[in-house]
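Read the numbers this way: they start at 1 and go in the same order the structure lists the ligands and their atoms. Sequential numbering from 1 along the given sequence is applied to the chain's residues. Side chains are part of it too, since the values below use all heavy atoms of this structure and drop only hydrogens, waters and symmetry mates.
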Amino acid sequence: MRLAFDTERLAGRLFRDADAADIAAIAGDVDVARMTGSIPHPYGVESAEGWILTHWGKRRRGVDHTFAVIRKNDGALVGSAGLFKRRAGSMWELGYMLGRNFWGRGYATEAARGVIAWGRAELGAEAITASVFADNPASARVLEKAGFVSTGERSVAYCVARQAPMAMLGHELAADATEAGAASRLRDAG
Ligand SMILES: CC(C)(COP(=O)(O)OP(=O)(O)OC[C@H]1O[C@@H](n2cnc3c(N)ncnc32)[C@H](O)[C@@H]1OP(=O)(O)O)[C@@H](O)C(=O)NCCC(=O)NCCS
């Protein structure tokens with residue numbers, strides 16, 4: 001299995017111990033942590049080191065393939081993106097986070113597309129799910145641009161950083177969805 005992906009501006013590779021300081025800076029930002037379910041706040045280098053250590057075992061069990069997302073032109077670690085399963089046997093789910101300095105340049109969408117293509121090729125992933133907190137329209141837009149559609153499913157998930165249950169909206173990428181299909185849907189929507 002190829003444990004890397006590549007897009008026009010970004011590269012996905014496995015995390016290294018030395019990435020912990022960058023991850024602590026990214027995930028230590030409360031505006032990143034509050035849009036995820038599991039990142040506590042505050043969040044320091046030791047937490048990031050522990051998180052990186054969990055990847056090996058989860059990958060070995062085949063339940064999580066999370067990549068460091070690197071900007072090719074300067075080697076900056078812009079965030080993480082990957083596919084994971086909430087339970088063995090459940091569908092692949094897309095997750096990502098980017099450091100605040102890297103928002104608004106299409107990187108999350110590009111990384112999402114890279115991970116999806118990787119998952120199709122390397123995991124044989126078919127339909128892929130994703131969930132966003134209802135107060136995260138930027139992430140919902142990323143999913144839309146990557147070809148996901150809202151399932152209309154609403155759930156409640158605990159947000160560790162906010163220490164509160166939050167409304168969550170379900171999205172799904174169909175097994176036969178293509179980037180061309182996503183692009184034409186966006187054109188139709190104006
Ligand atoms: C959400 C996040 C991944 C977006 O990353 P990004 O690289 O800025 O995303 P992109 O540039 O690819 O696309 C963002 C889209 O959202 C739109 N957007 C941004 N803020 C928005 C808002 N408040 N309301 C609606 N749309 C918004 C942008 O305009 C853009 O859409 P466009 O290309 O049609 O203009 C990033 O902000 C992040 O990591 N946030 C914290 C963690 C997080 O939310 N992770 C996802 C958990 S589900």
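Checked by atom type and distance alone, the side chain of Arg154 never pairs as donor or acceptor with a backbone atom of Met168 at under 3.5 Å. Between the Arg34 side chain and the Arg162 main chain, no donor and acceptor come within less than 3.5 Å of each other. Listed for the Asp29 side chain is no donor-acceptor partner under 3.5 Å among the backbone atoms of Ile26. Looking at Tyr96, its side chain does come within 3.5 Å of a backbone N or O of Ser139 through a donor-acceptor pair. Under a 3.5 Å cut-off, the side chain of Glu110 and the backbone N or O of Arg9 do form a donor-acceptor pair. Checked by atom type and distance alone, the side chain of Arg113 pairs as donor or acceptor with a backbone atom of Lys145 at under 3.5 Å. A distance-only check finds a donor-acceptor pair linking the side chain of Trp118 to the backbone of Arg2 [under 3.5 Å].
Remark: ligand 1 atoms within the under-4.0 Å shell around heavy atoms of Val132 are 48 (S). Near Ser131, meaning under 4.0 Å from one of its heavy atoms, ligand 1 places the atoms 48 (S). Short contacts between ligand 1 and Thr109, defined as distances under 4.0 Å to a heavy atom of the residue, involve ligand atoms 10 (P), 12 (O), 13 (O). Residue contact check: Met97 has heavy atoms under 4.0 Å from atoms 39 (O) of ligand 1.
In terms of protein heavy-atom proximity, atom 8 (O) of ligand 1 is nearest to Gly104 N, 2.6 Å. Looking only at heavy atoms of the protein, atom 44 (O) of ligand 1 is closest to Asn136 ND2, 2.8 Å. For atom 39 (O) of ligand 1, the nearest non-hydrogen atom of the protein is Leu98 N, 2.7 Å. In this structure, atom 45 (N) of ligand 1 lies nearest to the protein heavy atom Tyr96 O, 2.9 Å. Looking only at protein heavy atoms, the nearest one to atom 30 (C) of ligand 1 is Lys145 NZ, 3.8 Å. Scanning the protein heavy atoms around atom 28 (C) of ligand 1, the nearest turns out to be Arg141 CG, 4.7 Å. The single protein non-hydrogen atom nearest to atom 20 (N) of ligand 1 is Ala138 CB, 3.5 Å, given as residue, atom name and distance.
Looking at Trp103 next to ligand 1, an N or O pair under 3.5 Å apart turns up.
Put simply, atom 48 (S) of ligand 1 has protein non-hydrogen atoms near it, under 4.0 Å away. Protein heavy atoms come within 4.0 Å of atom 41 (C) of ligand 1. Less than 4.0 angstrom separates atom 18 (N) of ligand 1 from at least one non-hydrogen atom of the protein.
Here the shortest heavy-atom distance to atom 23 (N) of ligand 1, taken over Ala112, Ala146, Pro137, Gly37, belongs to Pro137. The option from Gly79, Gly106, Ser139, Gly95 that lies nearest to atom 1 (C) of ligand 1, judged by heavy atoms, is Ser139. Closest heavy-atom approach to atom 2 (C) of ligand 1 within the set Ala108, Ala111, Ala130: this belongs to Ala108.
Here Met35 has heavy atoms under 4.0 Å from ligand 1 in both its backbone and its side chain. With a 4.0 Å heavy-atom cut-off, ligand 1 is reached by the side chain of Val142 but not by its N, CA, C or O.
Closest approach of Ile23 to Leu77, counting heavy atoms only: CD1-CD2, 4.0 Å.
Between Lys58 and Thr66 the shortest side-chain heavy-atom distance does not fall below 4.5 Å.
When each of Leu143, Leu94, Leu123, Val115 is tested with Ile128 by the rule side chain to side chain contact (heavy atoms under 4.5 Å, CB included), just one qualifies, namely Leu94.
The aromatic rings of Phe15 and Trp51 sit perpendicular, their planes meeting at an angle over 60°, well past the 30° parallel limit.
Arg141 and Glu144 are joined by a salt bridge, as a carboxylate oxygen and a charged side-chain nitrogen come within less than 4.0 angstrom of each other.
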